[in-house]
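Reminder, nothing fancy here: chain letters follow the sequence lines and each chain counts from 1.
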Protein chains: 2
Amino acid sequence: MTISPSKAPLETASKERLRLWLRFLKASRSVENSLRENLKAEFNTTLPRFDVLAALSRYADGLKMSQISGVLKVSNGNVTGIVDRLAEEGLLIRVPVPGDRRASLVRLTQRGQEEFARQAAAHEAWISDMLSGFDAESARALADDLQTLETSLTARRARDD
Amino acid sequence: MTISPSKAPLETASKERLRLWLRFLKASRSVENSLRENLKAEFNTTLPRFDVLAALSRYADGLKMSQISGVLKVSNGNVTGIVDRLAEEGLLIRVPVPGDRRASLVRLTQRGQEEFARQAAAHEAWISDMLSGFDAESARALADDLQTLETSLTARRARDD
DNA sequence: TACAAATATTTTATACTTGAAGTAAATGCA
DNA sequence: TGCATTTACTTCAAGTATAAAATATTTGTA
């Protein structure tokens, strides 16, 4: 006889992968829903807005609209509305790009930087709390597994183009 | 000297968990975007519609509206519109619940069952292809890790209620 | 039996999302 | 230079998402 797994027997690879994806989705939704609630309650904002601020916070020189949608992997038209609203509130500004009147750079304002700093600190604490079942080492290990997944996905994309 | 990790040194648990979440989100979005595209191209449908059919397919007796939103972890009002559209297309029906005129059971029609069977088969194949970087065993292992996450989240929820 | 509270769902307002169409500007090349 | 193509962005239509208010019905209990 061969070595058998601890609990249920392994299904086909296809079934195990499907199960993995369903678990994945469930966990992802749980965390996202929780973040959404917290952002609403503590900062009266939303996840998409937070994501845009987060992207901009990594680029002091600003990002063009298409770069924002590229980084966040959301559609172009989507970003317009979110940036519009954040601009109205004074958290960011659109700066004309010299030499290209089609484009503009989106940059955090001082207020935007300060507001995002507060949100980011809270965000990290929430995540750490939610993922408290993982110590530093196992978090790293799982993150590495997910890197494998990313690599697999990227390879597949390249193949299909 | 102590044993050091293969690549970068471990950050604080908080940072490692944040990194894990960001990887998680990225992978999740990649897979979701790919599924969305495929569902549109092959079946002219969307992920939310697929999810509703999938939930119903596991309950031959049907589910109440609130049970669907419970299973899918989406809001109540959301399900109304999706079910409306699927009903118009004849993929499901609302059946009155005898003895409770507020509620209705939503059930797949024959056509709905057949249509979902085709979609589910394709869906499993897409997932299996996307996650081909994992063999049955490592898929199972990662799924088990995610179970840990679920448990951690559930415990946290219980604590905060 | 009355009737307050709870339950099931829909409706509403607002925001997010995509893909496609539209507008304006920049680029490539005959 | 002239003009088709590409690029950057916005607008639009339809669908998805939430939370909160509204509606209808059932349940608990005095």
Below 4.0 angstrom, which residues in [range] have at least one non-hydrogen atom near DNA chain C?
| range | value |
| --- | --- |
| residues 78-86 of chain B | Thr80(B) |
| residues 49-61 of chain B | none |
| residues 90-108 of chain B | Arg94(B), Arg102(B), Ala103(B), Ser104(B) |

### Query
According to a strict under-4.0 Å criterion, is Thr46(A) in side-chain N/O contact with OP1 or OP2 of dA15(C)?
no
## Note on the structure
Ala87(B) meets the side-chain contact (heavy atoms from CB on, under 4.5 Å) criterion, sequence neighbours left out, with Leu92(B)
### Partners meeting side-chain contact (heavy atoms from CB on, under 4.5 Å) with Arg101(B) (sequence neighbours left out)
none
Please list, chain by chain and in numerical order, all residues satisfying salt bridge (Lys or Arg N to Asp or Glu O under 4.0 Å) with [X], sequence neighbours excluded.
| X | answer |
| --- | --- |
| Arg107(B) | none |
| Glu32(B) | Arg36(B) |
| Asp51(A) | Arg29(B) |
| Arg102(A) | Asp100(A) |

In whole angstrom, what separates [X]'s [atom1] from [N]'s [atom2]?
| X | N | atom1 | atom2 | result |
| --- | --- | --- | --- | --- |
| Asn38(B) | dT18(C) | CG | P | 16 Å |
| Asn76(A) | dG19(C) | CG | C1' | 11 Å |
| Leu35(A) | dC16(C) | CG | C1' | 17 Å |
| Lys64(B) | dT10(C) | NZ | C1' | 16 Å |
| Met65(A) | dT23(C) | CE | C1' | 15 Å |

### Task
Would you check, one step at a time, whether the test salt bridge (charged side-chain N to carboxylate O under 4.0 Å, His left out) holds for Arg49(A) with Glu115(A)?
CA-CA 12 Å; Arg49(A) 290 162 53 98; Glu115(A) 179 62 16; over 6 Å; no
### Query
Are there more than 12 heavy atoms of other residues, nucleotides or ligands under 6.0 Å from atom CD of Glu137(B)?
no
### Polar side chain donor-acceptor pair, Ser132(B) to Asp129(B), under 3.5 angstrom
no
### Message
Below 30° counts as parallel, above 60° as perpendicular, anything between as tilted: where do the rings of Phe24(A) and Trp21(A) land?
### Response
parallel
Report yes or no: do [X] and [Y] belong to one cluster of Ile/Leu/Val/Met/Phe/Trp/Tyr joined by side chain heavy-atom distances under 4.5 Å?
| X | Y | result |
| --- | --- | --- |
| Leu22(B) | Trp126(A) | yes |
| Leu25(B) | Met130(A) | yes |
| Leu35(A) | Phe50(A) | yes |

### Message
Just to verify, what does Phe134(B) make a ring-ring contact (aromatic ring centres under 6.0 Å, His included) with, not counting sequence neighbours?
### Response
none
### Any donor-acceptor N/O pair, Ser104(B) side chain to Val95(B) backbone, under 3.5 Å
no
### Task
Give me the first and last nucleotide of DNA chain D, going 5' to 3', that has any atom under 4.0 Å from a heavy atom of chain B.
dG15(D) to dT26(D)
#### Entry: Rounded distance (nearest 0.5 Å) linking atom CG of Asp145(B) with atom CG of Asp145(A)
7.0 Å
### Query
Near DNA chain D, under 4.0 Å by heavy atom, which residues of residues 67-75 of chain B?
Lys73(B), Val74(B), Ser75(B)
